[in-house]
Structures are given as C-alpha cells and as structure tokens.
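Okay, structure first, notes after.
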Amino acid sequence: MSKPRSHGSANSPEAAEDVAPDPWVVHFDGYDPADEGRREALCTLGNGYVATRGAGPESTADGVHYPGTYAAGVYNQLQDRIAGRTVENESLVNLPNWLSTRFRVDGGPWLDLDRAEILDYHQELDLRRALLTRRFRVRDEAGRTTAVTERRLVSMDVPHACALEVTYLPEDWSGRLEIRSVLDGSVQNTLVARYRALASAHLDLVRTAELAPDSVLLAVVTNRSAIRVAMAARTVVRYDDDTPARPERRFVDEGVVVGHDLVVEARRSEPVTLEKTVAVFTGRDRAIAEPADEAQRWLLRLGRFEDLRTRHERAWARLWERFHVDVVWDGRMLTVLRLHLLHLLQSVSPHSADLDVGVPARGLHGEAYRGHVFWDELFVFPVLNLRLPELSRALLRYRHRRLPEARSAARDAGYAGAMYPWQSASNGEEESQRVHLNPASGRWLPDPTLRQRHVGIAVAYNVWQYYQVTGDREFLAHDGAEMLLEIARFWASIATDDEARGRYVIRGVMGPDEFHTGYPGRELEGIDNNAYTNVMASWVLRRALETLGVLADDERLELIETMELDRDELERWDDVARRLFVPFHDGVISQFEGYEDLAELDWAAYRARYSNIQRLDRILEAENDSVNRYKASKQADTVMLFYLLSADELRDVLGHLGYQVDAELIPRTIHYYLERSSHGSTLSALVHAWVLARSQRKLSMEFLAQALDADMADIQGGTTPEGIHLAAMAGSVDLLQRCFCGLETRQDRLLLDPYWPKSHGAVEFSIRYRGQPLVVRMRGSHAEVTAGRGMWRPVQVACRDEVAELRPGSRVAFPLTGTFNLGSGGGSALRDAATRRKPRT
Ligand code: BGC
C-alpha cells in the first residue's frame, strides 16, 4: 500500500524546531543558508494586496536569498524562443525590493551574512501579529561586535504600507555606522531555476526622486502590461532616547536604485534605531489618481513604526476573531493551522476584494507557476465561505469578469458555453505553458495540461457551495447562475452521443491526475471519459437545472433570454446528465476509459531506485519511458469524487446516471488508487486524509500530518522556497471543519457529523453561517455550537439525526449518546438517538 511518506515529517527534529512553545509563534534558530528559501517563503508577510518574502534586508537575489515582493494581480507578459517556437509567459511580477537596507562600520565591508562571523541568529514569525522579527549578532574583520534586531510588517490596516525597524547595538565599539537604505528596482523574476533560461526583466524605470532629505520615490512600469508601480520610502534614524540621530545623508540615485546613505556617529552600548516606512501603489488600485502621486501623499500620512504596528495588530485581531481555531490535542498542529490561515489571509484578504484578483496557487510568496490561478480555489473557498463570504463573492466575481473570455475559448475550440482556462492570470486567457522543462532529463517537452477542462467544474462547484453557505440569492441570480449555466452548457456541448453504447462520452481531456496526458503512443491527445470529469459534469448539469428552479420567475426569464436557452437545450442537459458514461473495471471506478489496459508499475523497484518518486512522470521521461503507459497517478483523481461528494450524493449522481453502487465500491476504489499514486502534488495528502478519515483513521492521520507538513517541512523537497501551496494550507483547515467535524451546509441548516478522534481532545473554531457568527466545538463525547457575538437570527443546527434551533445568546450540544440544549433560551430538548446513523463512506 502506498503510504504517506514524510520528508522531515511532523515528528522529525528539523521540523519540530520551527515550532516554539507558544502556539502563535514559528521560529528558526541559527543561520542556515541551505534552508533560507523555505524560511523566506514561510516568513513572507502580506495583506492580500502586496506581500514580501522573509528575506534579510541586506540580501539580494544570489542563489541563497531572494527578496521578492509581489502585488496581487500585477502580471506582465514576456516572449521567448524555445525549441524553435515563440512562447509567451505571463508572470506575477517581482516588484522593487523596498526592504533593501545594509550597514557597515567605519568604511569596512557591507554586512554579508554569508561572509560574516555570526555569533547568534534567531528569526521569529509572530502569527497573531503578522510580525517578523530577526535578531543576530555579528563580528566583523576588525573584531567589532554588533547586535541587530529587526522587525517588519506589511500592514493589514493600510494595505499600501510596509515598514521595517532595525536596531543596531554596537556592543564593543564606537564609530561611524553607515547605513544604505534604498528602493531597489533592479530586480527580475529569477527565483525559479527552471525558468531562468527565459526572459525575466519585467520592469522599466519611470522616474526616481528625492522627495525630502529623508524620503525618496521610485516609479516603474511593467514593460508589456503597462502597470505603473510606485514606492515612496522614508528612512529615519533615532537614538535610544528617541532623539533624532541627524545622520549625514547622501542621496543615492543609481538608475533604478534610489535611496540614502546615512552616517551616524554610534557609541558603544548605545542602540541606534532605523525606521523605514514605505508606501506602495499600483496602476490597478481603485480610488487613486496616479500611483507615484499617491505613494508620495500617503507616505506623509503614514505614522511611525509603532503607530503602524498597533493598527496592523488590531486589524489582525479582527481577522483572527473570524478565523479562530483551537485544537487541544497537538500544539504543533495548532501552530501549523494558524500558519496556514495566516498565509491564506496574506494571499487573499478583505483588501483583495476590490482588486479583481483570483486565488494564486502559490500565494503571493514566490514565482512558481508564475503566480497563476488554477483550480486550487476549490480547496480554499470552503474556509472563506464560512468566515469571509464577502471575499469568496469577490473572488467568484474575478471568474465572472472572465466569463466572456471563457465563452470565447469554448467557441474557438468548437464548443458552446464557457470553457475556463486551466491556468489564468490577468485577463482569463489560457496561460498554461505549451512547453515545459523536465529538470530530470533537461528536455523541453510539449505540455498538454490545458486539457484539464475540469477547472470549470471547480468554478461551478464553488458557485454552488458559496450559495449553500450564504444563501446569497442575489449573487446566484446574477453572476452565479450565469457562470453555472454557461459551464453546464459547455459540458453538454463537449459530450457527444455514442449511440452504439447509448451513452454520452467526453473525449480528449485530462483529469486532476496530471500524469495521464494521453494514451501510450498518443501522448498529447488527452484521455477519454475521465470518471471524475464525467460524474462531476453530470453533477454540474443537474445543479444548473436546479438553479433555474431556485430563481424567481423574472430572474429565470431574464437569464433564459440573455443566454438564449430554449427547451431543447435544457432537455439535452437533462439527457446528458442522465446518460454520461462512467467506466468501471475490477469492481472499481476506472480513472478513465482504458485505464485497465495500462501496465502495472513496479512501485517497489522505483522506490528502491529513487529517494523521491513523487514526480514519476519526470523520472520515467528521463528514462525514455512514459508514465502514460502505467497505472500510476500523480494525485487523487477518481478519489476526488469522494472528497467533493458525500457517499449519499455520489450514490445519487451515479444512480441518476443509471449505475448501481454497492456499499464497498467507495472503499475499494480508494484503496485501488492509493496503491497506484505517487502523491506528487500536495493536494493528494489532503484528499486522502479526507477520504480515509472514516475507514482508516491511522492512515488518515498520517496523511493529515503530511498535509500539515507540506510547506512547513517542504515535503516535496524544494518547492516551498518557490512559493507556498495555498490549497494544501487552506485545505488542512477545511479538513478539520468539514471532514473531521463533518460540517456541512445543506437543507438550509448547519449539519455536523463529527469524526474527530476522542483521544485528540477538543477542537474549536468560529464560522459565519448565513451571516450569523457561531462557534463550533467538538469535545470528544459531544459537539456544541454556541451563538457568537452579534448573532441576531436563529439557525437550525443538526447533528446526525437530531435537529436543534440555536438562538442568539444560546448554545446547543449534541452528546454522542444523546443531544440536549444548554444555555439560555436555546431550542427544545432533543431526543436520544444521535449515534444511530451509520457514518458516511
Ligand atoms: C497540481 C495541480 C495544481 C497545481 C497548482 C500541480 O502540481 O497537480 O492540481 O492545480 O499544481 O497548485
């Protein structure tokens, strides 16, 4: 059986040392150049508008360090000639490095950690406050010891504000402390080694200026998308008693690098503190005149580091109230869950809501996948829907604005409806690369992964789930229904009627398992009847028809008119939803038609030969073989069905398609693919932890540990430095709420079907259901839901077979052997029957 493999797993010493006794803190001790990339990604600070990696302010991109700054939605396109063809790539742009601050003493060399004698080094990410602190002591060639303490923030209060504070303590010397504080626009996109052979210079200089003796401006523009980006920075230096140090200043203006050299007469044992405050604006911002003008104006308004910090912390406190989570069982798990929530909210936050941005798969934390948006939001929405539904709505609007592009993509491919792109960035055009580099063989290869049409299923699923959680009919009636119906229309049109078998078939696609790009010998043509795609297409078609039923008459008529829907077309949708083909073999659902004819891979031999076989596709290609020949998946594919649909729902969809499902089909199918998966995507552990939760607790917990370690321990062995895995991060929180606590929002009520191991003690989290703040708590033997502060309307809560009404100011509890109400004015006492229902799957 393929078990989760840990590379520095939850219990390994190297992972454990990152978690401090305080579950709000992640810390790193000692300077370790080999680990710097992972730390930079994990210590990224952001606010959903802009984010900056946790690189040292003295560092530059040199193979060890990578000080990247990214603003949500700021993409640019560059062209290259590869393997005889012109390729264009759109990338999230690395913006000027606002952090850049170096020091030296008495004209000596500028501090370079990789050359200095480091006496001690400690780095700490405060999750509650989204504050990064770094402390170190260095001794220079002349034997002078300096202690440095640095704090930084990217404000959650004013999204355009970033700030750095550095305190220098001359421990055993007095002399000239020279500091160079600049905005460095010389940066390029060079983080990902695989892309380094491709064009990477995205920025042109617009202008630099010295705004005041302590302030400078740098304005640049992306060279194709023509997005202006401006940063204004103010650097001040003070002594310990808060008096200005009045340093000698020299304006530094070296083309795209602008700032000041400051010289302070430092005295032994007397700290000197620098504050650098930066205002960032881009041409994509709302309510602005021009980015450089705004950066200058706002720089004057931004207060001192302490003022910014206080307001920043208050903004985070408000967010944490919404995203409260507590787990008694395992302190490390709690820290990692909070780290995951932190990075989720740094990538998409209330500040993103106005920006017309999607959910970038790797956060705003690096350059992997060029900052593109995939289907990963499928794993992110369940967390946002239940806490910041207004943000989910804004992110769905990003998809809606790109509906015309998706319609046109479908038309160009010969289909109707909307065909959403596998990878997208600025305008919703397909941005998947057409050739990719296999680092194992050094070969550039054609890349057909855009055949993953299932991305539209994720969009439709998200629309439906958002509506289920929020009851937001207004959204459904307009943007939501239009997307859902256009996606359904696409599935009805790509499905062709195979009269011989009396079924509709969908040919030439790829499933979530990205290994199978085609059949042996026809490697780029996609596969036929991917079970995940076909079953979910049927689900989408039925939800589309159901949506028409939910809409008011005038809304329905308007939609039918604008979409030019007629009875024949709706009948076809209904017909396709009933007659799509689903392949089976050996008593399991086949991943796709013909899967059973593929060869079995000798997993043991490959595991023995390679230390890491997650990217089996690359290994086999480098061996002049092809993964397409084998029963081998990169990640959950068919198994995704059990992740998205409950056993009842799946039975319903398959039954609707005319397939009888025996009780063992699901566990059989899960185990069949478990033995044939390399778990080459961080999503795989997540999905397997979920689907095994009720049948194989131990294995499920091992997968959960792996999902928690995805970035914390860089489980893929080198991908975290290129950016976090946002879906795995959000998905791990979702595992807790929807899988282990069995939280669902159906039938106009909140449903709980807890499956949290009693031995793991209590778990608690806050959610918003239909606008009502609630706190859900599992305490081994019973589940409780408490009205949160500000709840004003009763909510129906059900646990297994029991239903209770939760009123403002009250609490309902459901013991496993019975259910009862607690607190004032709660619903009526409930019958004793909660354990009768069999667990799902
Ligand atoms: C996975 C995809 C995912 C993408 C972005 C790939 O490795 O196979 O499912 O969408 O990464 O996270």
Side-chain angles (χ1 to χ4, degrees), residues 323 325 336-337 339-348 352 358-365 368-369 372-389 391-392 395-396 398-399 420 422-424 452 454-466 468-469 511-514 532 536 634-637 639-646 679-693 700 703-704 706-712 715-716 719-720 723-741 743-745 765 767:
F323 285 76
V325 56
V336 177
L337 287 171
L339 176 81
H340 288 182
L341 286 169
L342 175 97
H343 286 307
L344 170 65
L345 289 167
Q346 295 195 129
S347 306
V348 286
S352 337
V359 181
R362 305 300 285 274
L364 299 173
H365 296 57
Y369 293 129
H372 291 172
V373 174
F374 296 64
W375 70 322
D376 300 50
E377 63 208 47
L378 184 64
F379 302 84
V380 171
F381 271 84
V383 176
L384 297 179
N385 286 344
L386 285 161
R387 290 164 184 85
L388 273 179
L391 178 56
S392 304
L395 295 168
L396 287 170
Y398 163 87
R399 291 296 194 178
Y420 274 92
W422 172 235
Q423 294 187 34
S424 56
Q452 287 181 86
H454 66 83
V455 64
I457 289 168
V459 176
Y461 187 88
N462 291 336
V463 167
W464 186 253
Q465 292 302 326
Y466 167 78
Q468 291 299 308
V469 180
D513 158 36
E514 301 198 288
Y532 171 74
M536 290 309 294
K634 178 180 176 192
Q635 66 199 79
D637 189 303
V639 172
M640 274 300 297
L641 290 171
F642 318 133
Y643 180 77
L644 293 186
L645 306 175
S646 69
H679 304 297
S681 155
T682 54
L683 300 176
S684 205
L686 203 67
V687 176
H688 282 91
W690 185 296
V691 300
L692 292 165
S700 162
F703 275 116
L704 170 64
Q706 201 185 51
L708 291 170
D709 268 350
D711 285 312
M712 204 46 187
I715 211 149
Q716 293 186 330
T719 60
T720 298
I724 51 140
H725 298 80
L726 199 54
M729 285 196 164
S732 65
V733 178
D734 190 35
L735 262 175
L736 202 70
Q737 59 173 20
R738 287 197 307 140
C739 175
F740 292 112
C741 296
L743 190 152
E744 284 183 83
T745 50
F765 52 87
I767 58 166

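Keep in mind that what you see is a predicted model, and the values were worked out from it rather than measured.
- With contacts defined as side-chain heavy-atom distances shorter than 4.5 Å, the pair D734/L686 does not qualify.
- The shortest heavy-atom contact between A707 and A685 is N-CB, 4.0 Å.
- In this structure, Q346 CD and S352 OG are separated by 11.0 Å, a value rounded to the nearest 0.5 Å.
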task = Could you please spell out the steps behind the side chain to side chain contact (heavy atoms under 4.5 Å, CB included) verdict for V348 and L388?
result = CA-CA 11 Å; V348 286; L388 273 179; over 6 Å; no

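- Summarising the geometry, atom CE belonging to M536 is positioned 5.0 Å from atom CG belonging to L644; distances are rounded to the nearest 0.5 Å.
- Rounded to the nearest 0.5 Å, atoms CG (L364) and CD1 (I724) are 8.5 Å apart.
- Put simply, CG on L743 and CZ on F765 are 5.0 Å apart, with the number rounded to the nearest 0.5 Å.
- Proximity of Q737 to P382: side-chain heavy atoms (C-beta onward) are separated by under 4.5 Å at one or more points.
- Annotation: side chain of M712 is in contact with side chain of L339 (closest heavy-atom distance under 4.5 Å).
- Two rings, from Y643 and F379, have their centers less than 6.0 Å apart.
- Across S700 and A689, no two heavy atoms sit closer than the pair OG-O, 2.8 Å.
- For the pairing with R362, the side-chain contact (heavy atoms from CB on, under 4.5 Å) check across D376, L726, T719, D711 returns one residue only, T719.
- Contact of the R399 side chain with the V455 side chain is registered, since non-hydrogen atoms from C-beta on lie closer than 4.5 Å.
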task = Under the side chain to side chain contact (heavy atoms under 4.5 Å, CB included) rule, what do H679 and H688 come out as? Steps first, then yes or no, please.
result = CA-CA 9 Å; H679 304 297; H688 282 91; 3.5 Å; yes

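- For the pair Y466 (side chain) and L396 (backbone), a donor-acceptor distance under 3.5 Å is absent.
- Contact annotation: the side chain of H454 approaches that of Y532 to within less than 4.5 Å [non-hydrogen atoms, C-beta and beyond].
- The side-chain heavy atoms of Q465 and F381, taken from C-beta on, include no pair separated by under 4.5 Å.
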key: Evaluation steps, side chain to side chain contact (heavy atoms under 4.5 Å, CB included), between Y398 and V373   = CA-CA 11 Å; Y398 163 87; V373 174; 3.8 Å; yes

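- Side-chain contact between W422 and E514 is present, with heavy atoms from C-beta onward closer than 4.5 Å.
- Nearest approach of H340 to A728, heavy atoms of both residues: ND1-O, 4.4 Å.
- Closest non-hydrogen pair, A727 versus V380, comes out as CA-CG2, 4.2 Å.
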ask   = What do the steps show when you test F740 against L704 for side chain to side chain contact (heavy atoms under 4.5 Å, CB included), and what is the final call?
value = CA-CA 11 Å; F740 292 112; L704 170 64; 4.0 Å; yes

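- Checked by atom type and distance alone, the side chain of R387 pairs as donor or acceptor with a backbone atom of V383 at under 3.5 Å.
- Nearest heavy atom pair, residue N385 against residue S392, reads OD1-OG, 2.8 Å.
- Looking at Q716, its side chain does come within 3.5 Å of a backbone N or O of G680 through a donor-acceptor pair.
- Heavy atoms only, all atoms of each residue included: T682 and A710 are closest at CG2-CB, 3.9 Å.
- Atoms NE2 and OG, on H725 and S681 in that order, are 7.5 Å from each other to the nearest 0.5 Å.
- Within the 4.5 Å cutoff, the side chain of V359 has no heavy atoms near those of the S347 side chain.
- With values rounded to the nearest 0.5 angstrom, M729 atom CE is found 12.0 Å from L345 atom CG.
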